[in-house]
Amino acid sequence: MFIFSKIVAWITQPLFWVLLVLISAWVLAKRRPALARPALGWSAVLVALIGWMPLPELLIRTLEAPYAEIPPETDISGYAGIVVLGGGTARGHLQADYRHPLTNDAGERLSVSAALALKNPGMTVIYTGGEGDPNGGGPSEAERALRFYDSLGVPDGQVRYESVSRNTYENAVLTAELPGINPQNRWLLLTSAWHMQRAKATFEKAGWNVTAYPVDFRAESSPRWTRYSMQAGVSDWQMVLNEYVGWVAYRLTGRL
């Protein structure tokens, strides 16, 4: 499943589709020239649509809709702790070159969980994430997260680390095996809003009693129909398609 997820991440890149259409046009130009021009036209349509932001935002909004944001002032003292899913740190190869902790565009998983830890000093925070990069290299994700929490003054011992898991399923199963952790207690599950549906269902299937604490929202409440960005479109399309394919794969394999 880990290798499959990496293959899916590659083929869900929108520009990969454009490349396939262009290759098809090149093949058709030699064998059936009359069909090559429509293929080129479809590649142009794909490029144009990739950057039109209301389309991927509609899908992202569908993923984020089931769980509303929990206000920062909400009392969470009744919970055993917070389980934070990895994915918010920069690549290990990059972090190895710098001393300051580096985050990526999902860094809100780290910043919000650190704020909650400082506000609730008696609450356990579990950061779950091994090395999701098949090439590896540099400090592990748990080590990168430790550097982040230390930089903000989160007390030693308040954060526990599960440093082996490589995907959401392994997050749920391996974190439950940590000594002294009872998944039947009430836990907050903190991850990106667009990932929460699959994450919560996976944790519940693994026997956890979790309440969703979504962060890192990406979709605006109402679409701006004129918004266009090729760079943001490529990123959003890959993210949302990877999540939908992940949902189908987890459903077929009985992981949620």
Audit row: Trp52, Ser229, side chain to side chain contact (heavy atoms under 4.5 Å, CB included) steps and yes/no: CA-CA 7 Å; Trp52 191 46; Ser229 171; over 6 Å; no
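- Both Leu118 and Phe148 belong to a common hydrophobic cluster when Ile, Leu, Val, Met, Phe, Trp and Tyr are linked at side-chain heavy-atom distances under 4.5 angstrom.
- Listed here is the closest heavy atom pair of Lys205 and Gly254: NZ-O, 2.8 Å.
- Side-chain atoms of Glu108 come within 3.5 Å of backbone atoms of Asp216 as a donor-acceptor pair (strictly under, hydrogens ignored).
- Between Thr202 and Leu256, some side-chain heavy-atom pair lies under the 4.5 Å cut-off.
- Annotation for Gln197 and Leu63: closest pair NE2-O, 2.9 Å, computed over non-hydrogen atoms.
- Atoms OG and CD1, on Ser235 and Ile50 in that order, are 12.5 Å from each other to the nearest 0.5 Å.
- A donor-acceptor contact closer than 3.5 angstrom links the side chains of Glu162 and Thr128.
- Listed for the Arg147 side chain is no donor-acceptor partner under 3.5 Å among the backbone atoms of His100.
- Atom CG of Leu146 and atom OG1 of Thr89 lie 12.0 Å apart (nearest 0.5 Å).
- Counted within 6.0 Å of OH on Tyr169, heavy atoms from surrounding residues, nucleotides or ligands total 12 or fewer; the atom is thus considered open.
- For the 3.5 Å distance criterion, the side chains of Arg186 and Tyr79 qualify, holding a donor opposite an acceptor.
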Worked check of side chain to side chain contact (heavy atoms under 4.5 Å, CB included) between Leu190 and Val83: CA-CA 6 Å; Leu190 192 152; Val83 180; over 6 Å; no
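- Ser140 and Glu143 share a side-chain donor-acceptor pair at under 3.5 Å.
- Between Leu102 and Arg144 there is no side-chain heavy-atom pair separated by less than 4.5 Å.
- Rounding to the nearest 0.5 Å gives a distance of 13.0 Å between CH2 of Trp225 and CE of Met53.
- Under the 4.5 Å side-chain criterion, counting only non-hydrogen atoms from C-beta, Thr191 is not in contact with Lys200.
- Residues Leu46 and Val240 share a single hydrophobic cluster, defined by chaining ILVMFWY side chains whose heavy atoms lie under 4.5 Å apart.
- In summary, Glu57 and Arg227 engage in a salt bridge, as defined by a charged side-chain N under 4.0 Å from a carboxylate O.
- Formation of a donor-acceptor pair under 3.5 Å by the Glu69 side chain with backbone atoms of Pro214 is not found in this model.
- The backbone N or O of Gln238 sits nowhere less than 3.5 Å from a side-chain atom of Asn242 that would complete a donor-acceptor pair.
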Can you list the steps and then say if Ile82 with Thr124 is a side chain to side chain contact (heavy atoms under 4.5 Å, CB included)? CA-CA 6 Å; Ile82 307 164; Thr124 298; over 6 Å; no
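- Counting only heavy atoms from C-beta outward, the side chains of Ile126 and Ile181 approach each other to under 4.5 Å.
- Ile70 and Met196 end up in different hydrophobic clusters when Ile, Leu, Val, Met, Phe, Trp and Tyr side chains are linked at under 4.5 Å.
- Proximity of Ser163 to Tyr127: side-chain heavy atoms (C-beta onward) are nowhere separated by under 4.5 Å.
- Going from atom CD1 of Ile76 over to atom OG1 of Thr211 covers 10.5 Å, rounded to the nearest 0.5 Å.
- At distances below 3.5 Å, at least one donor-acceptor pair connects side-chain atoms of Tyr228 with backbone N or O atoms of Ala48.
- For the residue pair Trp208 and Ala172, the shortest heavy atom distance occurs at NE1-O, 2.9 Å.
- A salt bridge links Glu243 with Arg198: at least one charged nitrogen is closer than 4.0 Å to a carboxylate oxygen.
- Taking hydrophobic clusters as Ile, Leu, Val, Met, Phe, Trp and Tyr residues chained together by side-chain heavy-atom distances below 4.5 Å, Leu178 does not share a cluster with Val164.
- Residues Tyr161 and Val125 are not in side-chain contact: their nearest non-hydrogen atoms beyond the backbone lie 4.5 Å or more apart.
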Would Tyr213 and Thr74 satisfy side chain to side chain contact (heavy atoms under 4.5 Å, CB included), going step by step from the backbone distance to the final call? CA-CA 11 Å; Tyr213 198 108; Thr74 300; 5.9 Å; no
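- At least one donor-acceptor pair closer than 3.5 Å links the side chain of Asn104 to the backbone N or O of Ala106.
- When the shell of 6.0 Å around CD of Gln231 is examined, it contains 12 or fewer heavy atoms from other residues, nucleotides or ligands.
- Annotation: side chain of Arg218 is in contact with side chain of Glu64 (closest heavy-atom distance under 4.5 Å).
- Shortest non-hydrogen contact noted between Val210 and Phe203 is CG2-CB, 4.2 Å.
- Placement of Phe217 and Leu188 in two distinct hydrophobic clusters is found when ILVMFWY residues are connected by side-chain heavy-atom separations under 4.5 Å, directly or transitively.
- When all heavy atoms of Ala199 and Thr168 are compared, the closest pair comes out as CA-CG2, 3.8 Å.
- Residues Val84 and Arg109 share a closest heavy-atom pair of CG1-O, 3.6 Å.
- Side-chain contact between Asn167 and Arg255 is present, with at least one heavy-atom pair separated by less than 4.5 Å.
- Interatomic distance, Ser165 OG to Asn171 CG, rounded to the nearest 0.5 Å: 4.0 Å.
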